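Read the structure below first, then the notes.
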There are 2 protein chains.
Amino acid sequence: MKEINPKIRIKDIAILAGVSEGTVDRVLHERGDVSAKSLEAVNKVLDEIDYTPNLLARSLASKKQYRFVCLFPAHQNADYWHSVDNGFTQAAREFTHYNVHIEKRYFNQYDVFSFVEVSNAVFEQKPDAVFIAPIFRNETLELCEKLTREDIPFSFIDSLIEEVNFLTYYGQNSFQSGYIAAKLSLSSLSDHAQVLIVRTQRKGAVSNQTLNRYNGFMQFINDNHLAGHLELSSVEIKDNDELANKESIRNIFESNNNIKTVITFNSRVHQLAKHLEELNLTDAKLIGYDLLEQNVAYLKKGAISFLIAQRPENQSYFTVRDMCRELIFKEKITKVNYVPIDILIKENIEYYLEMK
Amino acid sequence: MKEINPKIRIKDIAILAGVSEGTVDRVLHERGDVSAKSLEAVNKVLDEIDYTPNLLARSLASKKQYRFVCLFPAHQNADYWHSVDNGFTQAAREFTHYNVHIEKRYFNQYDVFSFVEVSNAVFEQKPDAVFIAPIFRNETLELCEKLTREDIPFSFIDSLIEEVNFLTYYGQNSFQSGYIAAKLSLSSLSDHAQVLIVRTQRKGAVSNQTLNRYNGFMQFINDNHLAGHLELSSVEIKDNDELANKESIRNIFESNNNIKTVITFNSRVHQLAKHLEELNLTDAKLIGYDLLEQNVAYLKKGAISFLIAQRPENQSYFTVRDMCRELIFKEKITKVNYVPIDILIKENIEYYLEMK
DNA sequence: TTTACTTTCGTGTGCGGACACGGACGTTAA
DNA sequence: TTAACGTCCGTGTCCGCACACGAAAGTAAA
């Protein structure tokens, strides 16, 4: 039952070191204008006593205002980016008292030019920090270089670009999540079961998340020598042509009548569920990604067996929090942060959704 | 790009309402000593303007100190309660600036008297809030009634007792988690597979968590009409007699040579893993609960197939945070909070552990 | 020795709000 | 009319810290 925190204030340090409070302040903030002698005296005291500045008082007294800008895809209700947005909102509320102002800037994730335009505007503002969803690799790189030149810190969410010096990354280890998808969907299959992989063509440069997932998936098959025991087939569907897609599905199921598992590595699994339902093909297990409202609905109905999810709100919230810790609280933070890979089934989805 | 928070201070309200700052303060804190006229004037302004008090300044200026006491089982390294402990520690660090002081009080979870003793001591201190792990039902009830009489708020973690008026509960929906365990372990079994349920006798009153899990497990069997297709057997093992336990396991495996699945509803699954390993019985899938270090080790080795986990740190952290929100920030909070049910396998455990 | 800088230091004010104290004003009873 | 008391209100101080400004001390040039 020891007493923590004997409450040491700058005033106390000043007395202990035999200098004025102003001097202590200068040492703490490395403002200069301190003689070697005082510097040493203060540092000595600081070493002995473990002084924790009162962050409340600090923020209250500080006149510095922080402007953070978030740069990520525009979105509809209840999709992945919407959750990310919520995380930013939550952070905004929490950190407003610390003089940080958060501004969201959206771009069209299917249009490079929209990204370039918005990112230029962001840069012109000279914010104190930027959070980026690096959908477009090259254009993001350009932005990052400009930011680096101006000493403006930035962080990534969702995906990351290794070549630049970001502050933090929050996202999924997509390779692993593909590996897990394979484990969940393949491990109880009998010999010669057919597995269908559905891939979506997307125009424009995109993140390599889905590719990594695919690679992870294949790695599991390799590791467990399943290649000879399973019949893998794969089909490409369109970005926006539901009818054609449905037809593709129908065809592939006609020519393969033992498909036990259908997997897609993006969040559009609800479209597949819809097609399979309409085509009366409800035998196969369906696996997909992310907690879209529609996906959740099909999961609850039993049409989707597994959803693999991350926690988008956390990604955005944590990245803002870490930026504050870096800039304001001067704390140690870790650069790359993998968000947990959540396995969701009908039975645990309720409790998952209840968490903020 | 709207500007949030036009920064309104008490001073502004005073001017707008044509009264002094002291009067505004009295209205805000319902300190009385305010004429009907001033009261109305201030309330009018407060209605129009949406004033958010600066919590930093508030805590800084407030002389009120909060003393929170946490009452939960003593523990060794790396077990469930250790994580809970960490959550409290984290909360302690974070809220110390808000004048809250957190004190931990441990009791022996196998000894009612130890609980009574500690809980009496806690009550004598007249703390500002108490957090309780209600291992012993009746004795906890007594404490709660005394606390209620003194208007001391309290919250539950891990389990809850409905009859008393607690502030929050954070914990798992154990029935559901048993249901999920069944789904994971039973759904890919072939007909007439044998399933072994391992139960642990414990002396003293205990929480009904494991019972609920068991019930959830059986419910899944019912819902899916598996009773006829599976052979369930069950064995009781001792709390503390490893040798006898090993022997029991050996016996049951001798008389049942088609056991495909072994499940236990508590966190001691690592002991089972050890026995099975030593007995060279590595064919069956093993399922258990909670992220003990030893469990994790066996999960990584492949000896345990699934671990079902909650997030103990979160339980304790959130419950403290909510108490602060209630007492200090006067925010709305929800009473019963089910923590997500996490499904852990070899492949996602790494990323789970990385989260704080 | 005086003047002009430069380096170092101390103090005062304010951030937004809590709280105490004492003062102004009104009411009642002597 | 005045003493005695209650109601209502304004102001000042402090919380722990940041930051600016000006003073003091030291140094170099004239």
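Everything numeric here is computed off the predicted structure, so don't read it as measured data. The figures that follow rest on heavy atoms only: side chains count, while hydrogens, waters and symmetry mates do not. So you know, we letter chains A, B, ... as the sequences are listed, proteins then strands, and number each from 1.
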Among [options], find the nucleotide with the atom closest to the side chain of [X].
X       : options                : result
A:Arg9  : D:dG10, D:dC17, C:dG17 : D:dC17
A:Leu60 : C:dC15, C:dC9, C:dG17  : C:dC15
B:His29 : C:dC19, D:dG10, D:dC17 : C:dC19
B:Arg26 : D:dG10, D:dT11, C:dC9  : D:dG10
B:Ala57 : C:dG14, D:dC9, C:dG17  : C:dG17
A:Thr23 : D:dC17, D:dC8, C:dG10  : C:dG10

Taking atom [atom2] of [N] as reference, at what distance in whole Å does atom [atom1] of [X] sit?
X       : N      : atom1 : atom2 : value
A:Leu56 : D:dC17 : CG    : C1'   : 11 Å
A:Ile8  : D:dC17 : CD1   : C1'   : 15 Å
B:Lys11 : D:dT11 : NZ    : C1'   : 13 Å
A:Asp25 : C:dT13 : CG    : C1'   : 14 Å
A:Lys64 : D:dA20 : NZ    : P     : 12 Å
B:Glu21 : C:dG14 : CD    : C1'   : 13 Å
B:Asp33 : C:dA20 : CG    : C1'   : 12 Å
A:Tyr98 : D:dG16 : OH    : C1'   : 14 Å

Backbone N or O of [Y] within a donor-acceptor pair of the [X] side chain at under 3.5 Å?
X        : Y       : result
A:Tyr317 : A:Thr89 : no
A:Asp128 : A:Phe68 : no
B:Asn99  : B:Lys64 : yes

Is [X] touching bases, backbone alone, or none of the nucleic acid, heavy atoms closer than 4.0 Å?
X       : answer
B:Asn54 : sugar-phosphate
A:Ser59 : nothing
B:Ile10 : sugar-phosphate

Ignoring backbone atoms, establish whether [X] has a side-chain N or O less than 4.0 Å from OP1 or OP2 of [N].
X       : N      : answer
B:Tyr51 : C:dG16 : no
B:Arg31 : C:dC19 : yes
B:Ser62 : D:dC15 : no

Item checked: Plane angle bin for A:Phe166 and A:Phe156 - parallel if under 30°, tilted between 30 and 60°, otherwise perpendicular ->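 Ring orientation, 0 to 90° scale: tilted.
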
Next item on the list: Measure from the ring center of B:Phe95 to the ring center of B:His101 and say whether it is less than 6.0 Å.
Entry: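 Not close enough - the centres of the two rings lie 6.0 Å or further apart.
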
Note to self: Which is more 5' along DNA chain D, the nucleotide nearest B:Gly22 or the one nearest B:Ala61? Just name the residue.
What the structure shows: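 Between the two, 5'-proximity favours B:Gly22.
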
Notebook entry, point to check: What heavy-atom pair brings A:Leu46 and A:Leu28 nearest, and what distance separates the two atoms?
Noted result: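 Between these two residues, the closest heavy atoms are CD1-CD2, 3.9 Å.
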
